[in-house]
Amino acid sequence: MSSIGSNLQEVKRRMATACTGAGRSAQILTSAPPLAAPWAAESSPVALLAVSKTFPAEAVRQAYAAGQQAFGENYVQEALAKIEALAELRQGPAPLQWHLIGPLQSNKTRPVAEAFDWVHSVDRLKVAQRLSEQRPPQLPPLQVCLQVNISQEASKSGFAPAEVLAAAQALAALPRLQLRGLMAIPEPAATLQAQRQPHQALRELLLALNAQGLGLDTLSMGMSADLEAAVAEGATLVRVGTAIFGHR
Ligand SMILES: *Cc1c(COP(=O)(O)O)cnc(C)c1O
């Protein structure tokens, strides 16, 4: 087995162990499922998103051969080249799924609306409006998450927690987007307990939105270093790069 294949197995084992510890199903999905019932601790499944930024299309192909379907990219130009190089893997019963997780400038929305399945990093309404206008009518709605600056760091993008409800209501009204949930990149922390705190805050924010009727099912949170904390707090999409592909 390739090292990417064994790394994937090890990441899924870590996720499954965390699921079991949290009383969640230990079945790890390899792509993001379609919209389901609003998030609930006992029933929401968790999927692995393999973050392939800076790695070549060949690395994505190896991970796909090992059963992984969902891939996350940060840089639009780099991602578009890989999406094109691997276009044949978009056909068939287990299609590749592409997620944009990096910052998106409003002048780069068109190719994203045309080529991606998901965008996790919506941090301005203007970007959301353009994505909705530019999503081709023959494709399903673009699946999106609102990025939240959950640790309230000056250097990080994302809506402040207090802005999220109004932003979510505005996004939910856009016709060619399907608002699925919230995404965050918390400040690194050393202990499991400290890592859990921002993930818990994101989950509570999602529950507050659902209490207003938004019906969201997705918590995009957790990376190589803190995936156990994220899964314990209810992550449904865990974005893992280094532990699968190696150091960048
Ligand atoms: C790079 C990146 C990841 C993956 O981080 P690792 O520490 O390599 O697992 C996850 N989310 C976002 C937004 C990223 O930019």
Side-chain angles (χ1 to χ4, degrees), residues 3-18 28-32 46-56 59-60 62-63 66 68-80 82 97-105 108 112 116-124 127 143-153 155-159 180-192 194-196 198-199 201-203 218-248:
S3 65
I4 288 175
S6 53
N7 291 347
L8 270 170
Q9 280 200 345
E10 170 60 12
V11 166
K12 286 190 282 190
R13 190 199 58 76
R14 283 174 62 190
M15 291 171 66
T17 301
I28 309 302
L29 306 180
T30 57
S31 67
V46 60
L48 173 60
L49 180 63
V51 177
S52 45
K53 64 178 178 217
T54 78
F55 288 92
V60 174
Q62 280 183 35
Q68 180 62 27
Q69 279 174 262
F71 292 88
E73 290 281 337
N74 281 57
Y75 312 106
V76 174
Q77 292 314 320
E78 179 195 330
L80 293 173
K82 280 181 234 182
Q97 198 180 60
W98 290 104
H99 296 235
L100 184 70
I101 61 174
L104 178 54
Q105 290 161 6
K108 293 237 186 82
V112 171
F116 281 82
D117 301 293
W118 281 69
V119 176
H120 295 224
S121 42
V122 174
D123 60 358
R124 272 163 304 149
V127 164
Q143 309 295 297
V144 300
C145 293
L146 279 184
Q147 184 171 348
V148 184
N149 188 357
I150 199 71
S151 304
Q152 309 246 38
E153 294 168 86
S155 62
K156 285 267 173 70
S157 46
F159 291 95
R180 296 291 299 270
L182 302 178
M183 178 272 228
I185 311 170
E187 234 174 350
T191 66
L192 182 72
Q195 289 171 356
R196 282 182 71 152
H199 295 111
L202 195 71
R203 166 168 49 86
T218 299
L219 280 170
S220 169
M221 59 188 195
M223 318 202 303
S224 295
D226 62 2
L227 68 87
E228 283 85 0
V231 168
E233 296 295 345
T236 66
L237 264 177
V238 178
R239 312 179 307 265
V240 180
T242 308
I244 297 171
F245 294 106
H247 288 283
R248 292 180 290 272

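When a ligand or atom number is given, it counts from 1 through the structure's own listing order. These numbers come from the heavy atoms of this one structure, side chains and all, not from hydrogens, waters or symmetry mates.
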Legend entry - Criterion side-chain contact (heavy atoms from CB on, under 4.5 Å) on His99 and Arg239, from CA distance to verdict: CA-CA 10 Å; His99 296 235; Arg239 312 179 307 265; over 6 Å; no
Legend entry - Residues which pass salt bridge (charged side-chain N to carboxylate O under 4.0 Å, His left out) with Lys82, listed by chain and number, not counting sequence neighbours: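 Scan of Lys82 (salt bridge (charged side-chain N to carboxylate O under 4.0 Å, His left out), adjacent residues dropped) gives Glu73, Glu78.
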Legend entry - Any residue meeting salt bridge (charged side-chain N to carboxylate O under 4.0 Å, His left out) with Asp117, in chain and number order, not counting sequence neighbours: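 Asp117 satisfies salt bridge (charged side-chain N to carboxylate O under 4.0 Å, His left out) with Arg90 once adjacent residues are dropped.
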Legend entry - Side-chain donor/acceptor of Arg203 to backbone N/O of Glu233, under 3.5 Å: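 Present.
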Inset, instruction - For Asn149 and Lys156, indicate whether the former's side chain and the latter's backbone hold a donor-acceptor pair under 3.5 Å. - result: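 Between the backbone of Lys156 and the side chain of Asn149 there is a qualifying donor-acceptor contact (under 3.5 Å).
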Inset, instruction - Applying side-chain contact (heavy atoms from CB on, under 4.5 Å), name anything that partners Ala18, two or more places apart in sequence or on another chain. - result: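 Partners of Ala18 under the side-chain contact (heavy atoms from CB on, under 4.5 Å) test: Glu228, Val231.
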Could you list each nitrogen or oxygen of ligand 1 that sits under 3.5 Å from a protein nitrogen or oxygen, with the atom names and the distance?
from: ligand 1; atom 1: 8 (O); to: Thr242; atom 2: N; distance (Å): 2.8
from: ligand 1; atom 1: 8 (O); to: Thr242; atom 2: OG1; distance (Å): 2.5
from: ligand 1; atom 1: 8 (O); to: Arg248; atom 2: NH1; distance (Å): 2.8
from: ligand 1; atom 1: 8 (O); to: Arg248; atom 2: NH2; distance (Å): 3.1
from: ligand 1; atom 1: 9 (O); to: Ser224; atom 2: N; distance (Å): 3.0
from: ligand 1; atom 1: 9 (O); to: Ser224; atom 2: OG; distance (Å): 2.5
from: ligand 1; atom 1: 9 (O); to: Gly241; atom 2: N; distance (Å): 2.8
from: ligand 1; atom 1: 11 (N); to: Arg239; atom 2: NE; distance (Å): 2.9
from: ligand 1; atom 1: 15 (O); to: Lys53; atom 2: NZ; distance (Å): 2.7
from: ligand 1; atom 1: 15 (O); to: Asn74; atom 2: ND2; distance (Å): 2.7

